[in-house]
Protein chains: 2
Amino acid sequence: MELVHTGRAPTRAVLTAELGVTRATAGAVAAELEALGLIQVDSRPLGSAGAQGRPSHRLGIAPRGPVALAAQVHADGFRAALVGLGGQLVATAPGCMTVPADPAHVIDAVVEAGAELLRESGRRCVGAGLAVPSAVAEPEGTALNPLHVAWPAGAPVHELFTRGLAAAGVTNPVGEPVEGLAGNDVNLAALAEHRHGAGRGSAHLLCVATGHRGVGGALVLDGRLHTGSAGLALEVGHLTVNPEGRPCHCGSRGCLDIEADPLAFLTAAGRDPGPEVSLLQQARELLRDEYADPSVRAASDLLIDRLGLGLAGLVNILNPDRIILGGLHRELLEADPERLRSVVAERSLWGRSGGVPILPCTLDHNSLVGAAELAWQRVLDDPLAALGAV
Amino acid sequence: MELVHTGRAPTRAVLTAELGVTRATAGAVAAELEALGLIQVDSRPLGSAGAQGRPSHRLGIAPRGPVALAAQVHADGFRAALVGLGGQLVATAPGCMTVPADPAHVIDAVVEAGAELLRESGRRCVGAGLAVPSAVAEPEGTALNPLHVAWPAGAPVHELFTRGLAAAGVTNPVGEPVEGLAGNDVNLAALAEHRHGAGRGSAHLLCVATGHRGVGGALVLDGRLHTGSAGLALEVGHLTVNPEGRPCHCGSRGCLDIEADPLAFLTAAGRDPGPEVSLLQQARELLRDEYADPSVRAASDLLIDRLGLGLAGLVNILNPDRIILGGLHRELLEADPERLRSVVAERSLWGRSGGVPILPCTLDHNSLVGAAELAWQRVLDDPLAALGAV
DNA sequence: ATGTTTTGTTTACTGTCGGCACAAAGTGAG
DNA sequence: CTCACTTTGTGCCGACAGTAAACAAAACAT
């Protein structure tokens, strides 16, 4: 099931090999998934001609199969979408560009947009996931620090989301109201990149990304998100990366959060951030358009050095086999990949862990796709129970 | 099997409950383990009188069952032991007190001591494990930084240990030569504490300990040691805990490794370390005997603050549900538990993750027991394959 | 002594998966 | 075009694991 979802089982033959079972068993699994309306077997095409033997049938994703309702709230607004098996974005609602300070209003609005998409599509809904720019405590599902959206700390997003979905009449194929699962946006982006993007095949994937303010991290271990014992792991923003740096609200100084985020970049380049566009967008544009300017280049180098120091600290603690960068960090990596890699290699302890590949994220809307992964998980774990008799 | 090993299955009845199977199945499992000579069923005693119903038989560990050969090398010498099921120390060889600079000599000597114990005991050997004070790269099994024992970096301990065992004629019950598994001592101590000590029941266990120099860390996730993608995770010694601190060989300054180890404590207390006993022992004695001395008390407070800063950083990244401290850190915790707990709580981001319990380690020779865990693991995973037909 | 409660064992059944034989669908040689 | 060959897909049978249910055993309560 995971194999089909992550695209590692294009045919029954490779499914057999990947599962390590007999062809009979793999065939039965495929038949069950087809009966549940998740996949569709195409006898026709499989590009690879010239191969000996009977050609495999392609295990395609059912074109009108069930979808997950995915939602995201961030500093610039909110957005809803439908995501099919395999992480395909099936439909997207145009995002709203302002965020009311009342989480209940925002969540009701985004649920309504998602429910409308569901009605239009006529597809079944396997569940719903929401990405928020905040640590989310488990198992309560409360947003601990949703500063970027000006919500009160401890906002019960799981509860609000679930209630909103029930009010909008969203039900799963078995007819129960769906649970509104919520997660941190960077965590969910990491999950999406692991399953469908630059993190595929990694066993110890570390993701680090800026939002509009601050720095977030996530770790995917053996395909599962590592959220710690209470959902609070990978709060990487308060690693010290500049001992002489400015004091941080956390009580320390020179934290990654304030030394390597978009505002730090704009400040280091001597620019005054304007209020009209988001800090992330301003920083991206400055980096893209004025990299030739020595002050911009110097700011980029400075942030790369600080980011590298933070990543090296994480490499020493987590020993990942791959690192993926998002937000402004992705652009910093692309501006000077060699500089970042050499800083990480120099400051991490052992040559081999210093040689960890650092890649930019590759998925559009990876937090949105990751939110859908939360919802899809139940289907992946037990398709029959989640979808029931068709 | 794990349940018996970790003492969570004292009777067939609780084994049934823990496994979530029927009594018939649990009985069959117990019968198999008894046939393999691992456990022994005592019909007689079970302290808990007054209970209704037929009393359970006790599933005891077979008194002459198989053992693992455990070995440890540290700055003060080396030591060999036999460890039975359940982490029982069955026999210990008196440790040698000097360590030759040639790893092959040390390992041959410790293997010989272990083999002698095996001959004396007449028990079967399920495998062999070795604890070394160094990061051990996986899967090669090379010791990357065995500075404390003056070995060359990259010493192939796995290979040397395996070869030594073959030369000593140590074989497993199936008659094959045993593989010499090697691991970092703090990692192995954490594993032992998780299964048999203060870490029992923890799902996200963090251990931090000093050896004689430096600071090591380990993480046990869902019962398995987290060693990262190449065995290099939890190198916690280079977290910054004192921005104004001394420069460290890693290129940064104020690292945990040099700011919170036994030498740092002795220096902070204004004592000149003598060469006769190990730094760890000197620091322990000073802390125990002269805590009333203001300079010792001040040094203790200083180290607790630095350690707390480091632990808080780890809590933010790993979000453990329990922390266990070993080496000098254990004594520092016991000297002033409240101070350490409040520093960690203040400097970790969220109240809940700041409330993580911090406990001293409870096992004697936990690295030795942990080394045996490496060897026992194969039996736990598949008792029949590892022990074969009796 | 008898009933109750919990534990342990035996027996029959069920469901999953591997092994195997066979059919199907292509390529390549003659 | 025919025939061998290779690989994929499917149906059938048997091994095996684990459940369910009935029964036996060993304590306590009355």
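So you know, we letter chains A, B, ... as the sequences are listed, proteins then strands, and number each from 1. All heavy atoms count here, side chains included; hydrogens, waters and symmetry mates do not.
Between A:T22 and C:dG18, a side-chain N or O to OP1/OP2 separation shorter than 4.0 Å is present.
B:H158 meets the ring pair (Phe, Tyr, Trp, His ring centres under 6.0 Å) test with no other residue; sequence neighbours excluded. The ring pair (Phe, Tyr, Trp, His ring centres under 6.0 Å) check on A:H196 picks up A:H5, with sequence neighbours excluded. Checked against side-chain contact (heavy atoms from CB on, under 4.5 Å), B:A192 has the following partners two or more places apart in sequence or in another chain: B:L363, B:N366, B:V369. B:E2 meets the salt bridge (charged side-chain N to carboxylate O under 4.0 Å, His left out) test with no other residue; sequence neighbours excluded.
Outside the 6.0 Å centre-distance limit, the rings of B:H194 and B:H204 are not counted as a close aromatic pair.
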*asked:* Pairs counted only when both distances fall under 3.5 Å, Watson-Crick or G-U: show me the 5' to 3' dot-bracket for DNA chain C, [ ] for pseudoknotted crossings and | for other-strand partners.
replied: ||||||||||||||||||||||||||||||
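Set against C:dG18, C:dG28, D:dA29, the side chain of B:Q52 has D:dA29 as its closest nucleotide.
Rounded to whole Å, the distance from CG on A:L15 to P on D:dT10 is 12 Å. Look at CD on B:E32: it is 13 Å from C1' on D:dC16, rounded to the nearest Å.
Open room surrounds CZ on A:R378; 12 or fewer heavy atoms of other groups in view lie less than 6.0 Å from it.
Checking B:T171 against B:E176 by side-chain atom types alone, no donor-acceptor pair falls below 3.5 Å. Side-chain contact, B:S121 with B:R123: no donor N or O sits under 3.5 Å from an acceptor N or O.
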At a cut-off of 3.5 Å, list every protein nitrogen or oxygen paired with a nitrogen or oxygen from nucleotides 7-9 of chain C, distance to 0.1 Å.
| unit_1 | atom_1 | unit_2 | atom_2 | d |
| --- | --- | --- | --- | --- |
| C:dT7 | O4' | B:R54 | O | 3.3 |
| C:dT7 | O2 | B:R54 | NH1 | 3.1 |
| C:dG8 | OP1 | B:H57 | N | 3.0 |
| C:dG8 | OP2 | B:A13 | N | 3.2 |
| C:dG8 | N7 | B:R23 | NE | 2.8 |
| C:dG8 | O6 | B:R23 | NH2 | 2.8 |

